[in-house]
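Below is one structure, written out as structure tokens, with a few remarks after it.
Below, each value reflects all heavy atoms present in this structure, side chains not excepted, and no hydrogens, waters or symmetry copies. Position 1 is the first residue of the sequence, and the numbers go up from there.
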Amino acid sequence: IESIAVHVNCDSDQSLQFDAALSWTVANVKVKIAEFTAIPPQQQRLVLPEGTIFTTIFHHQASLNDKEVLSSIRAPGVDVLHFQLATLSLFQKEWIDRVAGRPMVLRDAPDAIRGDRAVVSSAVRSAGEALQFASPALRNDRSTVRQAVQQMGGAFIYASAELRSDRDFVLEMLALNPGSMQGASADLLSDPDFVLAAIHSNPWALALAPAEMQTNRDFLLKVVATRGDALYIIPAELCDKDIVLAAVKQCGDALELLPEDSPLLEDRHVIHAAVTQGSADIPKAWGGDRELLLLAIQRDGLLLERGSAALKDDPEVVLTAVQQNGNAFKSASNRLRSKRSFIFEATKISADVVKHVSPLHRTDTTFVALLQRIAAGQEVSEEEASKICGGRHEDQLLKSYLLSEIRTSTPESKVKDTGKVP
């Protein structure tokens with residue numbers, strides 16, 4: 001779609017509708033509006049109506065910047081862009097420009113300006129902490145506070161007490177910026193259920209939780225059962241086996257958050273739990289454990305690289321890895337990568353195997369052609385496959401070559417019809 005319909009509600013009962021290219025910026029839209037209304041672009045303020053998908057789900061800034069492109073504003077499936085037009089006085093425009101460059105001058109602004117949504121919006125989008133100089137009404141305005149928190153999480157401390165005590169709104173702010181946790185009311189911060197919900201939204205909330213919760217073992221067990229990746233925020237001295245086990249059972253990748261010298265990386269129970277849950281890795285020290293490696297490569301064949309030399313030479317292990325990812329064949333032993341019959345069986349599983357056969361076999365055009373046919377899904381007779389995989393085709397090639405050489409250097413009468421050399 002190259003263009004989209006634009007609907008603009010003006011301050012009066014008037015509304016405008018026109019088509020605009022998706023490549024237009026908000027500034028282009030303002031120029032078009034000026035053609036209909038005679039309102040100079042610099043005195044126009046376009047906002048997205050509250051409740052639209054971009055303001056409710058994506059927390060898009062309600063007041064639009066002139067440089068924003070319509071294609072970035074348009075939500076999937078939307079055929080009409082709706083805007084609300086607010087006309088700015090020259091006095092407002094002067095203050096908007098002023099706070100955009102120096103947002104903290106809002107402190108010295110008249111009360112009317114500190115209560116002006118357009119001016120305050122411009123200030124907090126440049127520096128969230130400018131929210132402290134907004135009027136009480138705007139510090140209690142969800143849209144304004146959201147813009148401030150988006151710019152700086154700590155700005156939430158300047159929101160109204162009502163918003164900082166609103167459990168759902170505080171959790172929304174945490175999802176937007178974890179630094180907003182410090183602005184939550186004391187009652188919410190003392191509520192373990194709220195803190196757990198906050199950590200579920202963003203594990204960094206644990207770092208801003210009350211100190212007594214950060215060192216409470218029972219609470220930490222609940223934390224890692226909710227977000228295993230919160231393990232990296234828990235002090236090392238508190239990360240005992242039970243806490244680590246609970247973390248890796250919730251998130252296998254939490255294993256990677258342990259220090260490299262952690263003794264728990266040598267605990268098979270912990271490693272098994274992490275691999276079972278889907279750890280992105282398996283410590284190389286455990287690469288010789290056949291059961292663990294098989295569990296790992298069933299999820300990520302490339303983890304064959306972490307296996308021991310013996311397991312990389314194990315046909316069942318290698319084929320299991322290839323089943324998940326054909327490129328795992330590159331980690332197979334040189335013996336298996338040089339064994340024609342094994343390469344043939346692996347290629348049946350994944351065409352990617354062909355890229356990783358040994359250099360010796362890559363020069364065998366007949367064998368490579370056989371693998372390419374298998375990779376393409378073509379049928380190959382058992383007799384032909386057995387002949388080529390057994391290397392017998394090389395004997396035939398050598399014989400043909402020798403006969404050719406002999407024919408060129410020996411009178412035809414001396415080369416019998418049987419093909420035998422006299």
Side-chain angles (χ1 to χ4, degrees), residues 1-101 103 106 112-126 128 130-131 134-135 137-138 140-151 169 172 176:
I1 182 169
E2 298 298 329
S3 62
I4 192 168
V6 173
H7 184 93
V8 182
N9 287 320
C10 304
D11 287 338
S12 61
D13 293 335
Q14 182 185 13
S15 65
L16 307 172
Q17 186 154 336
F18 51 87
D19 290 334
L22 283 172
S23 59
W24 279 19
T25 62
V26 169
N28 296 138
V29 174
K30 289 181 177 180
V31 170
K32 189 70 174 179
I33 292 172
E35 294 177 10
F36 291 101
T37 64
I39 301 172
Q42 63 269 27
Q43 288 183 243
Q44 296 177 32
R45 177 173 175 261
L46 286 179
V47 299
L48 293 171
E50 282 292 328
T52 63
I53 186 171
F54 263 60
T55 57
T56 57
I57 297 179
F58 301 107
H59 306 295
H60 193 285
Q61 296 167 347
S63 181
L64 298 170
N65 186 289
D66 281 356
K67 295 181 181 180
E68 293 193 71
V69 181
L70 297 190
S71 60
S72 69
I73 301 169
R74 173 179 173 265
V78 170
D79 297 323
V80 181
L81 281 176
H82 292 272
F83 298 116
Q84 181 70 43
L85 173 66
T87 304
L88 302 172
S89 67
L90 292 176
F91 185 56
Q92 283 177 298
K93 183 67 174 66
E94 177 187 341
W95 270 99
I96 286 173
D97 292 341
R98 187 182 299 180
V99 300
L106 187 63
I113 290 297
R114 293 167 69 174
D116 187 290
R117 183 189 295 268
V119 175
V120 173
S121 174
S122 178
V124 300
R125 280 187 293 173
S126 296
L131 181 65
S135 68
L138 288 180
N140 193 47
D141 178 74
R142 291 170 185 263
S143 177
T144 302
V145 171
R146 185 179 291 122
Q147 291 178 49
V149 169
Q150 196 165 27
Q151 201 283 324
F169 187 69
E172 180 189 335
L176 192 62

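- Counting heavy atoms from C-beta outward, Val80 and Ile4 have side chains that stay 4.5 Å or more apart.
- A heavy-atom distance below 4.5 Å is not found between the side chains of Val26 and Lys67.
- Under the 30°/60° scheme for interplanar angles, the aromatic rings of Phe36 and Phe18 are found to lie parallel.
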(request) Go through the steps for Glu172 and Arg142 under the test salt bridge (Lys or Arg N to Asp or Glu O under 4.0 Å), then give the verdict. (result) CA-CA 11 Å; Glu172 180 189 335; Arg142 291 170 185 263; 5.3 Å; no

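- For the pair Ser71 and Arg74, the minimum side-chain heavy-atom distance is 4.5 Å or more.
- The heavy-atom pair separating Pro103 from Ala123 by the smallest distance is CB-O, 3.4 Å.
- With sequence neighbours excluded, the residues satisfying side chain to side chain contact (heavy atoms under 4.5 Å, CB included) with Ser122 are Ile96, Val99, Ala100.
- Take Lys32 and apply the side chain to side chain donor-acceptor pair (under 3.5 Å) test, not counting sequence neighbours, and it matches no residue.
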(request) Begin from the C-alpha positions of Val124 and Gln151 and carry the test side chain to side chain contact (heavy atoms under 4.5 Å, CB included) through to its verdict. (result) CA-CA 7 Å; Val124 300; Gln151 201 283 324; over 6 Å; no

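- Contact annotation: the side chain of Ile33 approaches that of Leu46 to within less than 4.5 Å [non-hydrogen atoms, C-beta and beyond].
- Looking only at atom types and distance, the side chain of Ser121 has a donor-acceptor partner in the side chain of Gln147 under 3.5 Å away.
- The shortest distance between side-chain heavy atoms of Val29 and Leu70 falls below 4.5 Å.
- When every heavy atom of Val120 is checked against every heavy atom of Ala134, the shortest pair comes out as CG1-CB, 3.8 Å.
- Leu16 has its side chain within reach of Thr37: a pair of non-hydrogen atoms, C-beta onward, lies under 4.5 Å apart.
- Residues meeting the salt bridge (Lys or Arg N to Asp or Glu O under 4.0 Å) test with Arg98, sequence neighbours left out: Glu94.
- For the pair Ala5 and Asp19, the tightest heavy-atom approach, listed with the atom from each and the gap, is CA-OD1, 3.7 Å.
- Between Leu88 and Lys93 the shortest heavy-atom distance is CD1-CD, 4.4 Å.
- Taking CG from Leu85 and CZ from Arg45, the interatomic distance works out to 10.5 Å, rounded to the nearest 0.5 Å.
- Atom CH2 of Trp24 and atom CD1 of Ile73 lie 13.0 Å apart (nearest 0.5 Å).
- One distance of note links CG of Asn9 with CD of Gln17; it measures 10.0 Å at 0.5 Å rounding.
- To the nearest 0.5 Å, atom CD of residue Gln92 and atom CG of residue Asp97 are 11.5 Å apart.
- Using a 4.5 Å heavy-atom cutoff, the side chains of Val6 and Phe83 are in contact.
- To the nearest 0.5 Å, atoms OG (Ser126) and CG (Leu106) are separated by 11.0 Å.
- Side-chain contact between His82 and His7: present, with at least one pair of heavy atoms (C-beta onward) separated by less than 4.5 Å.
- Between the CD atom in Gln150 and the CG atom in Leu176 there is a gap of 5.0 Å [rounded to 0.5 Å].
- In plain terms, the two heavy atoms of Ala118 and Asp116 that are nearest each other are N-OD1, 3.0 Å.
- Looking at Gln44, Lys30, Gln42 one by one, the single match for side chain to side chain donor-acceptor pair (under 3.5 Å) with Asp66 turns out to be Lys30.
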